[in-house]
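All values below were derived from every heavy atom in this structure, side-chain atoms included, with hydrogens, water molecules and symmetry-related copies excluded. For ligands, and for the atoms within them, numbers begin at 1 and follow the listed sequence. Sequence positions, counted from 1, serve as the residue numbers for this chain.
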Amino acid sequence: MSDLFSPLQIRDVEFKNRVFVSPMCQYSAEDGMPNDWHFVHLGARAVGGAGLVILEATGVSPEGRITPHDLGIWSDAHAEAYSRITRFIKDQGAVPGVQLAHAGRKASTDAPWRGGKAVGENDGGWTPIAPSAIAFNEGFPLPREMDESDIQEVVEDFRAATRRSLAAGFEVVEVHMAHGYLLHQFLSPLSNLREDEYGGSLENRARLPLAVARAVREEWPENLPVFVRISATDWVDGGWSLEDSVWLSARLEELGIDLVDCSSGGLVPNASINVEPSYQVPFAEEVRREAGIATAAVGLITEPKQAEGIISNGRADAVLLARELLRDPHWPLRAAYELGADADWPVQYERAKPRH
Ligand SMILES: Cc1cc2nc3c(=O)[nH]c(=O)nc-3n(C[C@H](O)[C@H](O)[C@H](O)COP(=O)(O)O)c2cc1C
């Protein structure tokens, strides 16, 4: 018996296993619209046997995109465009999820393969918004400090995006509070220097992220799960910490959030991070134990036995894989075989299924 390949039930959704596709930007959309690339890329990972396929950071507004080529979900036409993808993912027995995102000061930049720096207004860029007018780094746009009406607009944009995610056929929404994007910028004292009720104390810095979580939970049906991705630490003295993450996760649990997806970093460019296999798993473990909420672990999880151990030792409820699933979309089918679990292969591929 494999714990990794045992089903996970959250509210009315049953995930057939605990191998989830971590959100991955493809920088391949025009006007936020999914196209053939997204259909094939996401569909292939559902065919490969993952229990949940989460779409890349998807802008709740055009200005909330990291690059002009990110996916978006700010109109009903966008919602409609996702339905072919969500239908196909469900047909493979996987759950379709979407990561709802606002990039804040990291918006209006270019795809990594074009250098990842600021995109000017003449090239389709815009002036980003942020809690404070501090650029992420040299070569990044200088953001405009948000006023109260910008803050309310962000909450309403997340709410509308949640409503559209349901119309699009998604069964999980994940709120992106990690990697130095807008909601993480509010949480961290390194990027939030506000002196109003959205800055200063931990409670104040968490006010907008919690308002967004509350709005998403209110808008999303009772019977479907909401996840939140956090950066459990900024990896910098004086920055956001694991202790803060435990506090935040407990507040999220009170709001009815179902799972905290524990990543780290991304707020400042110069953090020193000791990256090694499973290096973020201790965050998922601590949040799970101390905040009493389900967690997912992510980051350099590449081996079936490694993933199995994370689940069977109670360190997380699910694992998310990113780059390993780019190398091998059929990793879940292969891992099931290696762990002696029985995974359903697509009938079209049955003749290739290895037998013990
Ligand atoms: C191409 C690429 C795009 C990514 N885009 C996102 C994203 O949209 N949202 C997000 O939360 N993380 C994003 N990430 C981070 C991954 O979800 C994951 O947390 C990270 O790659 C560590 O997992 P891994 O070691 O399995 O790759 C991205 C990573 C890659 C490689």
Side-chain angles (χ1 to χ4, degrees), residues 4 18-29 32 34 37-38 41-42 44-45 48 50 52-60 64-73 97-104 106-107 109-116 161 165 170 172-185 187 209 226-233 235 245 259-267 271 273-284 295-304 306-307 310 316 318-329 331-332 335:
L4 186 65
R18 292 143 188 268
V19 183
F20 296 172
V21 180
S22 201
M24 280 181 278
C25 287
Q26 300 295 295
Y27 315 103
S28 299
W37 175 263
H38 304 93
H41 161 68
L42 296 158
R45 271 123 205 105
L52 167 66
V53 179
I54 310 183
L55 270 66
E56 69 185 60
T58 298
V60 297
R65 290 172 297 172
I66 305 164
T67 80
H69 302 290
D70 291 11
L71 289 178
I73 190 154
V98 60
Q99 186 183 52
L100 299 181
H102 194 300
K106 284 174 126 180
T109 57
D110 215 342
W113 59 77
R114 282 189 296 266
S165 300
F170 292 106
V172 169
V173 286
E174 172 168 278
V175 179
H176 200 348
M177 290 192 191
H179 300 168
Y181 297 112
L182 183 70
L183 300 177
H184 185 184
Q185 289 159 30
L187 291 172
V226 178
F227 295 1
V228 170
R229 172 165 274 197
I230 62 167
S231 278
T233 171
W235 297 104
S245 296
L259 179 144
V260 177
D261 167 2
C262 296
S263 187
S264 74
L267 189 92
I273 310 177
N274 190 9
V275 177
E276 57 185 22
S278 296
Y279 72 109
Q280 295 177 139
V281 175
F283 305 141
T295 60
V298 65
L300 282 181
I301 300 169
T302 57
E303 297 301 324
Q306 176 194 13
I310 292 166
V319 293
L320 293 134
L321 277 62
R323 287 163 294 180
E324 192 61 17
L325 284 171
L326 297 185
R327 295 178 196 112
D328 177 8
W331 190 95

Protein heavy atom at shortest distance from [atom]:
atom	answer
atom 10 (C) of ligand 1	Arg229 NH1, 3.3 Å
atom 30 (C) of ligand 1	Met24 CG, 3.8 Å
atom 27 (O) of ligand 1	Arg323 NE, 2.6 Å
atom 28 (C) of ligand 1	Pro23 O, 3.7 Å
atom 3 (C) of ligand 1	Cys25 N, 3.2 Å
atom 20 (C) of ligand 1	Ala322 CB, 4.1 Å

Atoms of ligand 1, numbered as shown, that sit under 4.0 Å from any heavy atom of [X]:
X	answer
Ser22	16 (C), 17 (O), 18 (C), 19 (O)
Gln99	7 (C), 8 (O), 9 (N), 10 (C), 11 (O)
His179	10 (C), 11 (O), 12 (N)
Gly299	22 (C), 23 (O), 25 (O)
Val298	18 (C), 19 (O), 23 (O)

Exercise. For Glu174, does its backbone N or O pair with a side-chain atom of Gln99 as donor and acceptor, under 3.5 Å?
Worked result: no
Exercise. Between the main-chain N or O of Ile66 and the side-chain N or O of Thr109, is there a donor-acceptor pair closer than 3.5 Å?
Worked result: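 At least one qualifying donor-acceptor pair exists.
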Any nitrogen or oxygen of [X], side chain or backbone, less than 3.5 Å from one on ligand 1?
X	answer
Leu320	no
Tyr27	no
Leu300	yes

For this session: List the steps, then state whether side-chain contact (heavy atoms from CB on, under 4.5 Å) holds for Val98 with Val173.
Result: CA-CA 5 Å; Val98 60; Val173 286; 3.8 Å; yes
Problem set entry | From CA spacing to verdict: side-chain contact (heavy atoms from CB on, under 4.5 Å), Ser264, Phe283 | CA-CA 9 Å; Ser264 74; Phe283 305 141; 3.8 Å; yes
For this session: Run through Ile230, Leu183, Val60, Asp261 and flag the one making a side-chain contact (heavy atoms from CB on, under 4.5 Å) with Val175.
Result: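 That would be Leu183; it is the only one of Ile230, Leu183, Val60, Asp261 passing the side-chain contact (heavy atoms from CB on, under 4.5 Å) with Val175.
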Problem set entry | Given Val228, Leu182, Val260, the one that forms side-chain contact (heavy atoms from CB on, under 4.5 Å) with Met177 | Val228
For this session: Return yes if a side-chain donor-acceptor contact under 3.5 Å exists between Thr302 and Glu324, otherwise no.
Result: no
For this session: Identify, with sequence neighbours excluded, every residue that meets ring pair (Phe, Tyr, Trp, His ring centres under 6.0 Å) alongside Tyr181.
Result: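 Residues passing ring pair (Phe, Tyr, Trp, His ring centres under 6.0 Å) with Tyr181: His176.
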Problem set entry | Region of Gln26 engaging ligand 1 - heavy atom pairs below 4.0 Å |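 Looking at Gln26 and ligand 1, no heavy atom falls under 4.0 Å.
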For this session: Decide yes or no for His41 and Leu326: does some side-chain heavy atom of the first lie under 4.5 Å from some side-chain heavy atom of the second?
Result: yes
Exercise. In terms of the angle between their ring planes, are Trp113 and Tyr27 parallel, tilted or perpendicular, with boundaries placed at 30° and 60°?
Worked result: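 Aromatic pair Trp113/Tyr27 classed perpendicular.
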